[in-house]
Every structure is written in C-alpha cells, then in structure tokens.
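Below is one structure; the comments refer to it alone.
Both backbone and side-chain heavy atoms feed into the values below; hydrogens, waters and symmetry mates do not. In listed order, ligands and their atoms are each counted from 1.
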Amino acid sequence: MYEIIETIVHSAGEIVLRAKHIDESVQEKSSHCDLVTKYDGMVQEYLHRELLTAFPEAGFYGEEEEEHDIAGKAAYFIVDPIDGTMNFIRHARHSCISVGLMKDGQMEYGAVYQPYTGEMFTAQRGKGAYLNGRPLRMRDVPLSESIAMFGSAIYYRDTIPATARLMQEALPLVLDFRRSGSAALDICYLAAGRADVFFEACIRPWDYAAAALIAQEAGALVSALDGTPLRYIDRCSVAVGTKTNHPELIKIVQRILNEPDMKGRIK
Ligand code: IPD
Ligand code: CA
C-alpha cells in the first residue's frame, strides 16, 4: 500500500542528484547558519504534487512552506525535502529526503532516502524497518559500548549551553561521538547499527518523524530528551537509543535539567 511513497521519494532524489550551481540559489532563513536553496523548494513541490495525487485525502506538513495543511486531517505527510541542507550546499553528499506519514495521531510509515548512496530506509508501524529491503534490527548496548550521534540544534541559540553540557557529560561515557549534519540520516544510522544513541536539544518534526519510526521499528526507544513522548508538531528535543542506553541518556539529561541555568534550554 505504501510502496508508492517509496517510489515517489526515490524519484525526488533525481532532483538532488541533478542539482547544478547550488551556491547561486542559497538564501538565509532564520539566521546566517539556517540556509535554503531553490532545490529544497523544487523537491518539496514535487513531493507535494505526487504524494497528494496518490493520497488525495492527506494533508502536508513540509519544511519549506509558510502554511501547513493539516487541520482536521486524519492523515498527513511530514516532509523534509532535503535534510542536511548545509551538506548539500557544500557538496558533502550526505543529505536525504525524509517523508513520514502520520495517521490518526501515530506515525504510520516512513521513508528516508540518501540519493548519493542509493540507500532507502523504510518502515511501516508494526512491520519492521528495512534498508533497501533488508530487515534492520538494532543491537542492545549500554552507553559504554555506544557510538553517539548528535545534532547541535544550531538554529536555536538558547539551547547551545545544554548541548555543550550534555556532550561534556556523555563524552567520557561513550566510545566516541559523530556529527553528520543530517538528523534523519543519523537516526537511520542507529537503525542500521552504525551508531547506537542520538540526541538533539531542539529540532523540527520533519527532521525526525520518518527516521524515528524507522529506528523504533528496528528496536530503538525514542522520546524527547526529558523522557516524555516525542511531539510531532512545532519543535521537540529528540533522544533515540537502545533499551539500555536510552534510559542512561535520559538520566543524564534529567540531572542537567535540574541545574539552575539549564531550565528551558532543552525543548
Ligand atoms: C538540520 C539537520 C541537522 C540538525 C538540524 C536540522 P536541515 O536539518 O538535520 O543535522 O542538527 O537541527 O535542522 O536544516 O538540513 O533540513
Ligand atoms: Ca531541510
């Protein structure tokens, strides 16, 4: 039933692969570190048209639009046309297209496609996670055996002290850190066993909706950083991990949140 979404996301990848003169269309959004290109808009327009042709009843909640058409919709797509826009601008070839389908208040389906490597991560709720059709299952490890991936929440400057504190507390406990520039790929990398725990103090639903379902279906625990359920509207912190390292991470965050100058710095 959802194979059509995968096909559409795959075709959208062609727009990314054929992009030329990317630097000529770069514009600032909220600040000098929050950038967008004409290709973000082109991919989103393509996804909007094709997804809503296939699912005419569904709404659309995409990064590159001012108004979101989700009011009163039982089902809607949560879309990041290019996650890892800075990587895209710098020709780092580490970006993806992320499409999640929310249905009756739950994530129902997710597809995250890395066009440069041809890796397609998918999951349907209750039916497992897959990488190019191969089932994914995470290994349960404690923080002491974990590679940690993280996002710096750089668009939300008030969160920087909390991110720095969390890194300071977690770094001595884990094997090492990685920072890739695409939250959706980071979380899918956990599903694929390339890393074991992920955190970011504040991100938007299109950065994690599809990937969180993929990780969950591969056996991950997902939540906001204070341990409460992930929120799929507006913005939220994100913690993804194994049955053992996720509670370890949440415990560290709860300790940090009790420090006087950390109040409200994790969303
Ligand atoms: C960003 C990336 C990055 C994360 C930011 C996101 P964008 O998405 O996922 O890794 O740290 O919080 O906003 O702007 O490239 O779509
Ligand atoms: Ca984006």
Margin query: For the Ca ion (ligand 2), give me the closest N/O/S atom belonging to Asp80, just the atom name.
Written below: OD1
Check residues 66-82 and write down every donor-acceptor pair under 3.5 Å in which the side-chain atom is one partner and the other belongs to a residue at least two apart or another chain.
unit_1 : atom_1 : unit_2 : atom_2 : d
His68  : ND1    : Glu65  : OE2    : 2.8
Asp80  : OD1    : Ile82  : N      : 3.2

Check: Do you see a donor-acceptor pair shorter than 3.5 Å between the side chains of Thr242 and Arg139?
Finding: no
Notebook entry, point to check: Mind checking what makes salt bridge (Lys or Arg N to Asp or Glu O under 4.0 Å) contact with Glu119, not counting sequence neighbours?
Noted result: Arg194
Item checked: Heteroatom of Glu63 nearest to the Ca ion (ligand 2) (N, O or S, atom name) -> OE1
Notebook entry, point to check: Is the Ca ion (ligand 2) less than 3.0 Å from an N/O/S atom of Ile82, whether that atom is in the backbone or a side chain?
Noted result: yes
Checklist line | Salt bridge flag under 4.0 Å for residues Glu64 and Lys29 | finding: yes
Notebook entry, point to check: Between Arg165 and Glu259, does at least one N-O distance fall below 4.0 Å, as a salt bridge requires?
Noted result: yes
Notebook entry, point to check: Should Lys263 and Asp261 count as an ion pair when the cut-off is N to O under 4.0 Å?
Noted result: no
Next item on the list: Heavy-atom cut-off of under 4.0 Å around ligand 1: list whichever protein residues fall inside it, by chain and number.
Entry: Glu63, Asp80, Ile82, Asp83, Gly84, Thr85, Gly151, Ser152, Tyr155, Arg179, Gly181, Ser182, Ala183, Glu200, Ile203, Asp207
List the atom pairs, donor and acceptor, that lie under 3.5 Å between side-chain atoms in residues 33-40 and the rest of the protein, sequence neighbours left out.
unit_1 : atom_1 : unit_2 : atom_2 : d
Asp34  : OD2    : Ser30  : N      : 3.3
Asp34  : OD2    : Ser30  : OG     : 2.5
Thr37  : OG1    : Tyr39  : N      : 3.1
Thr37  : OG1    : Asp40  : N      : 3.4
Thr37  : OG1    : Asp40  : OD1    : 2.7
Tyr39  : OH     : Lys20  : N      : 3.0
Tyr39  : OH     : Lys20  : O      : 2.7
Asp40  : OD1    : Thr37  : N      : 3.0
Asp40  : OD2    : Thr85  : OG1    : 2.8

